[in-house]
**Q** 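My questions will all concern the structure given below.
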Amino acid sequence: MTATAVTAVLLLVACSSGSAPAAPDAASAGPPVAGGSLTYAIDTEPTCFDIHVSPQDITAAIQRNVFDSLVSEDTAGTFHPWLATSWTIAPDHRSYTFTLRKGVTFSDGTPFNAQAVKANFDHIVAPATKSRFASSLLGPYTGTDVVDDSTVRVNFSSPFSPFLQGASTAYLGFYSPKALAANSSRLCAGGPASVGTGPFLFTRYTRGQSIVLSKNPAYRWAPENARHSGPAYLDTLTIRILKENSARVGSLTSGQVDLAGAVPPANVRTVEANSRLQVLRRDAPGSPYSLYLNTALAPFTDVRVRQAFQRGVNIDQDVKTVYFGQYRRSWSPLTAVTPSYDASLENSWPYDPAKANQLLDQAGWTARDSAGYRTRDGRRLTLVWPLLASAVREQRDVLGQAIQADLKKLGIELTRPALDAGAFIEQAYAGKFQGNWSGSALIVG
């Protein structure tokens, strides 16, 4: 069940350097020119740069520049050749056979071949890797067969239809086997240990400050659906880590950075008024920021309590208020621009506090304690939704406060203890709470 979702992505684009240039225009910009550098500001610093370990979106976004995938997925959900030129799927969906592109090399000179595919997939599922997300994209993986140097067969113990989608992500991208063998313990640290086949090299990482990527001049194997197949136009891409909203927006408006992601909704109108800047909005496909309920633990074992929670949170108003009308709410675990999105779910569970109160009464939570919270058999109706402090972004903590306020009106206590990444992940993978997806989880206590 999705309790709330933020789907819009805000990206501010500053123009090229110079004195008060006009906002960029695709029709008049002319063809791209090789050379130069770009500085991009982000609000979240990866806790680990290893694509096979980290589940963070920001890790994949940065490392996508360094690591390529077998296939590419477009916005319509169609798959295109990338490091694989073609593929066949077994009728029972228990194996996928890929013909690999020839002439591809890792930035350390190691050839990309069937052995490299096997080494990476085996590394992902190895217990020592402690993969937090990539291993789930391999599902019931049983191994990879090297048919010949440019042909590989990936096997599963049961039908696994989602594999192509997983194989299109950066999380199932490929390290040089040489780098895997020599630097497996250093991959989380980023930097030159991140050796891929991508258009950029991971040159330098200064913790808390910046990430520097340099052009891979040998790159010639972009995905089939890419607009440009050769080396990157830019010589250098510098990613500055600016967690404070004021610092990030200030760096953009002053020209210290060329682009800034995660622009605070409260600042959008101010930035729009700057003739040197352009605000770009795009709904992102995939899963929105979501809140899942743990149906295996009381009180959410009772469908009436789950429905009461769903109907008792005023998502429309909360999203509108917290995000100043800049973001749209979602109605399902998929955003509206995701292939196979079910539009019939829209408006299917509107805010209805009267219905929520009725359901809670029916579930037996009829008494109230001195603080006004519902009780049953002397126990308060309390829910625990841990806050992963290091991953807070886009005012998600403020959105959580709005949800707390909605639930308090129903007599439900929602607490949000702050956990560090280690404790959060340990508890999540121990099954103590459910839904560590899009940065959210909800447990009961």
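Every heavy atom of this structure was used, including side-chain atoms; hydrogens, water molecules and symmetry mates were not. Model, not experiment: these values are computed from the prediction.
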**Q** To check you understand the geometry: which heavy-atom pair defines the closest contact between Leu137 and Phe163, and what is its length?
**A** O-CD1, 4.1 Å

**Q** Quick check on the 6.0 Å ring-centre criterion: do Tyr219 and Phe200 meet it?
**A** no

**Q** Check for me whether Arg396 meets the cation-pi criterion with Trp385, that is, NZ or CZ under 6.0 Å from the six-membered ring centre and within 45 degrees of the ring axis.
**A** no

**Q** Should Leu100 and Leu70 count as side-chain neighbours, where that means a heavy-atom distance under 4.5 Å?
**A** yes

**Q** Under a plain distance cut-off of 3.5 Å, with no hydrogens placed, do Tyr351 and Gln310 share a side-chain donor-acceptor pair?
**A** no

**Q** Out of curiosity, Thr59 OG1 to Arg132 CZ, how far, rounded to the nearest 0.5 Å?
**A** 9.5 Å

**Q** Test ring pair (Phe, Tyr, Trp, His ring centres under 6.0 Å) on His228 and Tyr233 and set out the steps.
**A** CA-CA 9 Å; His228 175 64; Tyr233 291 112; 4.3 Å; yes

**Q** Report the distance from atom CG of Leu277 to atom CG of Leu259, rounding to the nearest 0.5 Å.
**A** 10.0 Å

**Q** Going by the ring-ring contact (aromatic ring centres under 6.0 Å, His included) test, name the single residue among Phe67, Phe106, Phe121 that passes it with Phe174.
**A** Phe121

**Q** When you measure from the centre of the six-membered ring of Trp221, is the NZ or CZ of Arg101 under 6.0 Å away and within 45° of the axis?
**A** no

**Q** Out of Val66, Ile211, Leu187, Ile58, which residue meets the side-chain contact (heavy atoms from CB on, under 4.5 Å) rule with Phe49?
**A** Ile211

**Q** To check you understand the geometry: which heavy-atom pair defines the closest contact between Val322 and Gln395, and what is its length?
**A** O-OE1, 3.5 Å

**Q** Classify the ring geometry of Tyr96 against Phe156: parallel below 30°, tilted from 30° to 60°, perpendicular beyond 60°.
**A** perpendicular

**Q** I'd like to know whether the aromatic ring centres of Tyr171 and His52 sit less than 6.0 Å apart in this structure.
**A** no

**Q** Of all heavy-atom pairs between Pro177 and Thr110, which one has the smallest distance, and what is that distance?
**A** CD-CG2, 4.0 Å

**Q** Check whether any side-chain N or O of Lys118 sits under 3.5 Å from a backbone N or O of Thr144 as a donor-acceptor pair, and report yes or no.
**A** yes

**Q** Glu45 vs Lys243, test: salt bridge (charged side-chain N to carboxylate O under 4.0 Å, His left out). Steps then yes/no.
**A** CA-CA 8 Å; Glu45 183 173 15; Lys243 298 181 181 180; 3.7 Å; yes

**Q** Side chain to side chain donor-acceptor pair (under 3.5 Å) between Arg204 and Ser210: does it pass, once the steps are laid out?
**A** CA-CA 8 Å; Arg204 185 169 65 255; Ser210 64; 5.7 Å; no

**Q** Measuring from Asn183:CG to Ser176:OG, what's the distance to the nearest 0.5 Å?
**A** 9.0 Å

